[in-house]
Amino acid sequence: MNKLFSREVKIGASVLIALVALVFGINYLKGVNIFKAANYYYASYTNVTGLAQSAPVTLNGYKVGLVREIAYEYDNPGHVRVELSLDRQLRLPEGTSAVIVTDMLGTSTIELKMGTSPNFIEVGNKLKGVEGSGLMDKVSTELMPTVMQIAPHLDSLVVALHTIAADPALLTAVRRLDVIMANLETSTNQLNRALPAIMGNANTTMANVSEISANISQVSKALASLSDDLKNMPLDSTVTHLNSITANLDEATSKLNSTNSSLGLLLNDPGLYNNLNNSAAHVDSILIDLKKQPKRYIPSIKIF
């Protein structure tokens with residue numbers, strides 16, 4: 001019993017436990033869960049700059065595994081073999097590719113681009129390795145040519161800006177702008193001081209408008225009442241009477257203009273007018289003679 005738990009056995013057991021803990025800790029720091037089952041695939045690349053062990057493998061932005069191991073393929077010069085550890089539940093259709101994606105800091109990850117085939121790749125087989133262009137590659141291939149085209153014009157642009165800045169008219173314009181801003185500030189202050197009076201006048205105007213609106217309402221009501229009265233009036237009979245009176249007036253006027261009536265003859269016959277005029281003249285002469293010699297026409301009256 002003492003030999004079973006001797007000092008050497010205890011030391012050996014402690015070393016073994018320490019080694020297991022060390023392996024587990026290193027794998028844990030790498031992101032490898034040795035207690036989680038995984039499927040292994042591999043891909044081949046010609047350039048794996050920025051890619052390291054334990055780099056995440058993503059699918060649609062979600063981490064589904066990591067880079068298990070990176071090794072140079074001596075039997076295929078110029079290529080690097082990358083082993084991928086993926087979730088056991090993940091099944092890859094044929095045509096799936098593993099794309100190396102490099103971020104702005106130069107760190108690379110692998111992104112899976114799923115194929116469309118109904119058949120699946122067997123575990124342990126090779127995926128299609130694709131080397132994606134990083135941000136710096138895009139800058140050097142797309143942005144730098146544009147910058148090189150713009151660079152010759154920058155010198156002339158700087159000279160033009162210097163000429164504009166040195167122009168006295170610009171300084172004058174700035175000073176005028178200062179004056180305009182000062183005037184604007186003064187106008188604003190005056191407006192703020194006048195605003196209470198304006199608001200008071202506006203309130204008075206609104207009160208007058210309200211009063212006018214009330215009067216208009218009363219007038220509208222009176223017009224409505226007048227309209228009702230007009231509707232209730234016997235307009236038809238009144239119009240009939242007016243038409244009858246107009247007809248009578250037309251008939252009287254036609255008779256006055258005609259020579260078939262006494263009034264027509266009186267108004268239209270010049271002989272009757274002349275006779276009347278002559279009779280008036282004779283009567284006037286008789287009256288004059290009567291005034292001069294009344295005894296001729298009135299006999300004298302004797303009073304006893």
Side-chain angles (χ1 to χ4, degrees), residues 12-151:
S14 299
V15 171
L16 182 61
I17 293 172
L19 289 175
V20 172
L22 179 62
V23 172
F24 177 78
I26 292 174
N27 287 300
Y28 178 78
L29 293 175
K30 290 181 179 180
V32 179
N33 188 356
I34 62 175
F35 298 105
K36 183 177 180 180
N39 291 332
Y40 296 95
Y41 301 87
Y42 73 94
S44 182
Y45 303 94
T46 58
N47 188 356
V48 291
T49 302
L51 187 64
Q53 290 186 6
S54 303
V57 178
T58 60
L59 176 62
N60 296 333
Y62 179 75
K63 182 179 177 182
V64 293
L66 50 82
V67 176
R68 176 77 175 182
E69 184 180 354
I70 300 176
Y72 186 78
E73 294 184 89
Y74 293 97
D75 56 346
N76 187 17
H79 292 78
V80 178
R81 177 190 175 98
V82 177
E83 185 178 352
L84 308 178
S85 175
L86 305 180
D87 293 343
R88 177 65 64 85
Q89 294 82 4
L90 181 63
R91 303 183 67 186
L92 303 179
E94 292 181 357
T96 300
S97 58
V99 183
I100 295 180
V101 180
T102 304
D103 60 14
M104 187 181 298
L105 300 178
T107 303
S108 299
T109 59
I110 292 181
E111 182 178 354
L112 297 178
K113 298 293 184 181
M114 303 294 281
T116 57
S117 175
N119 301 322
F120 295 97
I121 301 175
E122 294 183 1
V123 177
N125 286 353
K126 183 178 179 179
L127 302 179
K128 180 181 178 181
V130 179
E131 299 170 11
S133 59
L135 179 61
M136 297 306 297
D137 293 335
K138 292 183 179 179
V139 170
S140 60
T141 57
E142 299 178 6
L143 184 60
M144 288 304 297
T146 305
V147 173
M148 295 304 296
Q149 292 178 359
I150 295 174

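Residue numbers run from 1 in the order of the sequence given. The analysis underlying the following values was restricted to heavy atoms, covering all of them including side chains, and did not include hydrogens, waters or symmetry mates.
For residues 117-130, no pair satisfies side chain to side chain donor-acceptor pair (under 3.5 Å), with sequence neighbours left out.
In this structure, Tyr45 OH and Leu51 CG are separated by 7.5 Å, a value rounded to the nearest 0.5 Å. For the atom pair OG (Ser44) and CG (Asn76), the distance works out to 5.5 Å, reported to the nearest 0.5 Å. Between Arg68 atom CZ and Gln53 atom CD the span is 9.0 Å, to the nearest 0.5 Å. With rounding to the nearest 0.5 angstrom, the OH atom of Tyr41 is 10.0 Å from the CG atom of Leu84.
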Check the pair Glu94, Phe120 against side chain to side chain contact (heavy atoms under 4.5 Å, CB included), reporting the backbone distance first and the verdict last.
CA-CA 5 Å; Glu94 292 181 357; Phe120 295 97; over 6 Å; no

Full working for side chain to side chain contact (heavy atoms under 4.5 Å, CB included) between Asn39 and Leu92
CA-CA 11 Å; Asn39 291 332; Leu92 303 179; over 6 Å; no

Next item on the list: Decide yes or no on side chain to side chain contact (heavy atoms under 4.5 Å, CB included) for Thr58 and Val64, but give the supporting numbers first.
Entry: CA-CA 5 Å; Thr58 60; Val64 293; 5.9 Å; no

In residues 108-115, what donor-acceptor pairs under 3.5 Å come from side-chain atoms, sequence neighbours left out?
residue: Ser108; atom: OG; partner: Thr49; partner atom: O; Å: 2.8
residue: Ser108; atom: OG; partner: Thr102; partner atom: OG1; Å: 3.0
residue: Glu111; atom: OE2; partner: Lys113; partner atom: NZ; Å: 3.1

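For Ala98 against Leu127, the heavy-atom pair with the smallest separation is CB-CD1, 4.5 Å. Nearest heavy atom pair, residue Val80 against residue Ile70, reads CG1-CG2, 3.5 Å.
Residues forming a ring pair (Phe, Tyr, Trp, His ring centres under 6.0 Å) with Tyr72 (at least two apart in sequence, or on another chain): Tyr74.
Looking only at distances, a side-chain donor or acceptor of Glu131 sits under 3.5 Å from a matching main-chain atom of Thr46.
Annotation: side chain of Val130 is in contact with side chain of Ser97 (closest heavy-atom distance under 4.5 Å).
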